[in-house]
Amino acid sequence: VLVQFPRNRGGCDEKNPLVSGSFRKGNTHQTLVPIREVFSAAPELEVREFLLKDMVVPRCFGCALCISKGKEFCPTFAEEKELQDNLEWCDALVVASPVYNGRETFIVKAFFDKFTHFVHRPCFFEKKAMVLVTRGGLFREAGKYISKTLRQWGFDVTVSCGEPELPVLREHLLPKVEGKLKRKAMAFVRSLEKGKPPAAFSRKIWFEVWKVNVSLGKAINPVDYDYWNSQGWLEASFYYPTRVNPFAKMLSVVLRPIMESQMRKTFKGY
Ligand SMILES: Cc1cc2nc3c(=O)[nH]c(=O)nc-3n(C[C@H](O)[C@H](O)[C@H](O)COP(=O)(O)O)c2cc1C
């Protein structure tokens, strides 16, 4: 896994930390070489790279206190602080994973599980993300899952790719795949200058589902409710002011009472 944290916006001493996690410096590490080259050619980027396997990614014990009470109530909050601090400090992130049995490695999943509270209380709307899965092709599930989770945290995932790992390729294929990886990395660097994206159909619907969930679940999860309320989201049409997909906007008016009724029928306390 490679997680990248670029640039402080607007400053002349911009910084880009990059976190990379993997079980070894193997194929995924090698496949990141063209991407690293592009990043190092951009002097305004400071990149930090971390292998998740070398970092403290504590097991989630399932107490859900991060969700119901707040992230600082997690029994392992102090241990995951390094990851948490880097996530907050970064402007962008690259997550890379080899495909294991059709999906991301378990440590990537563990990383996402540790920060589930960001799904409930997303906050990374100013940040961009790139996803790289080695052995892409038919094995898209890993890339889709990583992208989806980062979007739920608020990241704008501007580049997502799945490529065969460079060390296994025949010589004549290397320039083609290396070139593709470089172009993807360049597109990612360019995307760092872009503002927040408009609310696409699925993101708007996702926002509405959460809004109903948080509103009806006020008594069950007041932490979520207070956060959403403090952000002004309970009255807003999206997380931030932007153009909203008009079809999703209309649909959400129709969907809201249906979702409310379904959730009330389904969940205790709603
Ligand atoms: C436990 C395990 C499961 C794997 N499962 C798949 C798979 O489902 N599909 C696939 O294309 N490759 C699979 N592979 C191959 C790896 O994705 C591939 O070798 C990758 O480049 C390894 O990256 P790494 O050297 O960074 O660990 C698997 C490898 C391992 C060790």
Side-chain angles (χ1 to χ4, degrees), residues 1-6 16-42 45-60 62 80 82-83 86-87 90 92-115 128-153 155 157-189:
V1 179
L2 175 131
V3 185
Q4 191 224 359
F5 301 102
N16 288 348
L18 176 144
V19 180
S20 166
S22 179
F23 298 107
R24 55 186 196 158
K25 287 194 171 171
N27 293 336
T28 307
H29 191 76
Q30 285 303 316
T31 308
L32 287 165
V33 167
I35 294 174
R36 281 192 204 94
E37 280 174 15
V38 170
F39 293 159
S40 50
L45 302 186
E46 184 186 319
V47 178
R48 283 186 196 168
E49 187 167 345
F50 302 85
L51 287 167
L52 280 180
K53 77 163 179 77
D54 293 337
M55 302 192 72
V56 181
V57 185
R59 270 176 58 195
C60 172
E80 66 222 32
E82 188 184 4
L83 281 173
N86 276 304
L87 274 173
C90 78
L93 176 71
V94 177
V95 178
S97 176
V99 172
Y100 281 8
N101 288 297
R103 290 291 301 262
E104 70 288 344
T105 59
F106 87 82
I107 201 159
V108 177
K109 182 67 168 63
F111 169 71
F112 285 134
D113 287 351
K114 282 315 294 177
F115 294 111
K128 308 284 181 196
M130 173 174 175
V131 177
L132 170 69
V133 173
T134 55
R135 288 267 165 117
L138 294 173
F139 308 101
R140 296 228 168 87
E141 292 307 313
K144 272 194 207 160
Y145 167 75
I146 296 169
S147 299
K148 192 182 82 179
T149 308
L150 291 172
R151 284 198 181 103
Q152 289 175 358
W153 292 9
F155 279 94
V157 182
T158 55
V159 175
S160 175
C161 49
E163 296 299 329
E165 58 274 29
L166 295 178
V168 304
L169 289 180
R170 290 192 186 277
E171 285 293 311
H172 73 283
L173 290 173
L174 280 175
K176 190 178 159 210
V177 179
E178 281 169 351
K180 197 171 170 192
L181 288 165
K182 281 187 179 173
R183 284 195 298 281
K184 294 274 184 187
M186 284 189 271
F188 183 60
V189 172

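Order of appearance sets the numbers: ligands from 1, and atoms from 1 within every ligand.
- Judged as a salt bridge (Lys or Arg N to Asp or Glu O under 4.0 Å), and not counting sequence neighbours, Glu178 has no contacts.
- Considering backbone and side-chain atoms together, His29 places no N or O closer than 3.5 Å to any N or O of ligand 1.
- The distance criterion of under 3.5 Å between nitrogen or oxygen atoms is not met by Pro98 with respect to ligand 1.
- Between Cys60 and Asp113, the shortest heavy-atom contact is CB-CB, 4.3 Å.
- Each of the following atoms of ligand 1 lies closer than 4.0 Å to a heavy atom of Gly26: 25 (O).
- Of all heavy-atom pairs between Glu80 and Phe115, the closest is O-CZ, 4.3 Å.
- Residues passing the side chain to side chain contact (heavy atoms under 4.5 Å, CB included) test with Lys182 are Pro34, Glu37, Val38, Met186, sequence neighbours excluded.
- Every atom of ligand 1 is numbered from 1 in the order shown, and the set under 4.0 Å from a heavy atom of Gly102 is 7 (C), 8 (O).
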